[in-house]
Amino acid sequence: AVVSTQSTGKSSLINAIAKNKIAKTSNTPGRTQLINFFYDKNKRFFVDLPGYGYAKMPKKQKEKMILMIEEYLVKRKQLIKAYVLIDSKVGPTPQDYSILELLNESNINYTLIMTKCDKCNQSELFKTTKEIEKITKDFLVVSSLKGRNILKFDKMIMKDFKNR
């Protein structure tokens, strides 16, 4: 499952890994409001969860969406791993820490994926990397736009699927 706050490039990353435009992208944060399921050409099953965080929507709807995300992560027996996307320029948000706490409490394997590394300078990337290293050593820095570490991420996913 791919999970993150809004504007981390979830759909773009899924498309880069699949080498096909299977997930709809948008410039407007919060467009993904349902759990979306995709198969790629390697018959891998991707789950694109709605972004948690700042979407412009009524509070009740936002609460329902967060509950839907949490229930999916905790109750989905077939879940192999969660890939938690963190915007390299922004770094981990309070919402990211909440999701990580849920994953840890539920014993769900996850890897942090720092996205959009092409959008920040070296200083910002260094700062975010140091913040991520305080959380885990299991992370990867990627850029869907420039293709940075997309192949490495793809191989990581293939290994995760084979090891299930």
Side-chain angles (χ1 to χ4, degrees), residues 1-18 23 25-33 35-36 46-57 59 62-63 65-74 76 79-161 163:
V2 182
V3 62
S4 72
T5 59
Q6 280 89 23
S7 301
T8 57
K10 280 191 316 270
S11 298
S12 295
L13 185 58
I14 288 170
N15 291 338
I17 295 297
T25 58
S26 172
N27 290 329
T28 307
R31 286 289 183 209
T32 304
Q33 295 187 5
I35 298 174
N36 294 299
F46 289 93
V47 180
D48 183 9
L49 295 171
Y52 49 86
Y54 303 107
K56 291 181 181 174
M57 64 179 63
K59 186 178 178 184
K62 194 181 292 191
E63 288 169 356
M65 198 163 19
I66 290 170
L67 183 61
M68 176 177 59
I69 294 166
E70 290 175 353
E71 283 183 355
Y72 179 86
L73 291 171
V74 173
R76 187 72 178 190
L79 182 64
I80 295 169
K81 191 174 206 178
Y83 300 99
V84 182
L85 308 189
I86 309 282
D87 187 320
S88 294
K89 193 170 184 119
V90 176
T93 66
Q95 290 84 4
D96 293 319
Y97 285 109
S98 293
I99 286 292
L100 294 175
E101 186 178 336
L102 174 75
L103 295 172
N104 285 324
E105 288 172 357
S106 304
N107 292 316
I108 298 169
N109 288 328
Y110 65 87
T111 297
L112 296 182
I113 307 297
M114 291 172 49
T115 61
K116 298 184 175 183
C117 66
D118 55 290
K119 304 277 187 202
C120 57
N121 61 41
Q122 290 296 345
S123 172
E124 292 166 326
L125 189 59
F126 180 79
K127 181 180 177 237
T128 301
T129 301
K130 288 299 174 196
E131 287 180 59
I132 297 296
E133 286 175 339
K134 291 176 188 174
I135 301 167
T136 182
K137 301 294 182 223
D138 188 15
F139 71 95
L140 185 63
V141 179
V142 302
S143 167
S144 300
L145 183 67
K146 303 282 185 183
R148 179 177 174 181
N149 284 331
I150 295 300
L151 184 58
K152 190 172 185 177
F153 186 35
D154 189 43
K155 287 179 181 179
M156 177 192 298
I157 293 168
M158 292 295 275
K159 183 180 172 194
D160 291 337
F161 271 71
N163 291 337

Checking [Y] against [X]: is there a side-chain donor and acceptor pair closer than 3.5 Å?
| X | Y | value |
| --- | --- | --- |
| Asn15 | Ser12 | no |
| Asp160 | Tyr83 | yes |
| Asp138 | Thr111 | yes |

TODO: Enter the distance from Phe139:CZ to Ile86:CD1 here, rounded to the nearest 0.5 Å.
DONE: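 Reported value, rounded in 0.5 Å steps: 11.5 Å.
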Task: Contacts of type salt bridge (Lys or Arg N to Asp or Glu O under 4.0 Å), residue Lys59, not counting sequence neighbours - done: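 If we apply the salt bridge (Lys or Arg N to Asp or Glu O under 4.0 Å) test to Lys59, skipping adjacent residues, there are no hits.
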If we ignore hydrogens and angles and just use 3.5 Å, is the side chain of [X] paired with the main-chain N or O of [Y] as donor and acceptor?
| X | Y | answer |
| --- | --- | --- |
| Asn104 | Leu100 | yes |
| Thr136 | Ile132 | no |
| Thr115 | Gly9 | no |

- [ ] Assess whether side-chain contact (heavy atoms from CB on, under 4.5 Å) is satisfied between Ile35 and Met68, documenting all intermediate values.
- [x] CA-CA 8 Å; Ile35 298 174; Met68 176 177 59; 3.8 Å; yes
TODO: Apply side-chain contact (heavy atoms from CB on, under 4.5 Å) to the pair Thr8 and Lys116, showing each step before the final yes or no.
DONE: CA-CA 7 Å; Thr8 57; Lys116 298 184 175 183; 5.6 Å; no
With a 4.5 Å cut-off on side-chain heavy atoms, are [Y] and [X] touching?
| X | Y | answer |
| --- | --- | --- |
| Ile157 | Phe46 | yes |
| Leu13 | Ile113 | yes |
| Asn121 | Leu125 | no |
| Val141 | Arg148 | yes |
| Asp96 | Leu112 | no |
| Asp48 | Ser11 | yes |
| Asn109 | Leu103 | no |

Task: Carboxylate-amine/guanidinium contact Glu131 Lys134, below 4.0 Å - done: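 Not counted as a salt bridge, because no side-chain N and carboxylate O are separated by less than 4.0 Å.
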- [ ] Please say whether more than 12 non-hydrogen atoms of neighbouring residues, nucleotides or ligands are located less than 6.0 Å from NZ in Lys81.
- [x]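 Atom NZ in Lys81 is crowded, with more than 12 foreign heavy atoms closer than 6.0 Å.
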TODO: May I ask you to check whether over 12 heavy atoms, not counting those of Tyr97, lie within 6.0 Å of atom OH?
DONE: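 Atom OH in Tyr97 is packed in, count exceeds 12.
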Task: Pairs touching residues 99-114 that satisfy salt bridge (Lys or Arg N to Asp or Glu O under 4.0 Å), sequence neighbours left out - done: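 Qualifying pairs, neighbours excluded: none.
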Task: Nearest atoms (heavy-atom pairs only) where Ala1 meets Leu73 - done: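 Looking at all heavy atoms of both residues, the shortest contact is CB-CD2, 4.4 Å.
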- [ ] Show the numbers, then the answer: is there a salt bridge (charged side-chain N to carboxylate O under 4.0 Å, His left out) between Lys127 and Glu124?
- [x] CA-CA 5 Å; Lys127 181 180 177 237; Glu124 292 166 326; over 6 Å; no
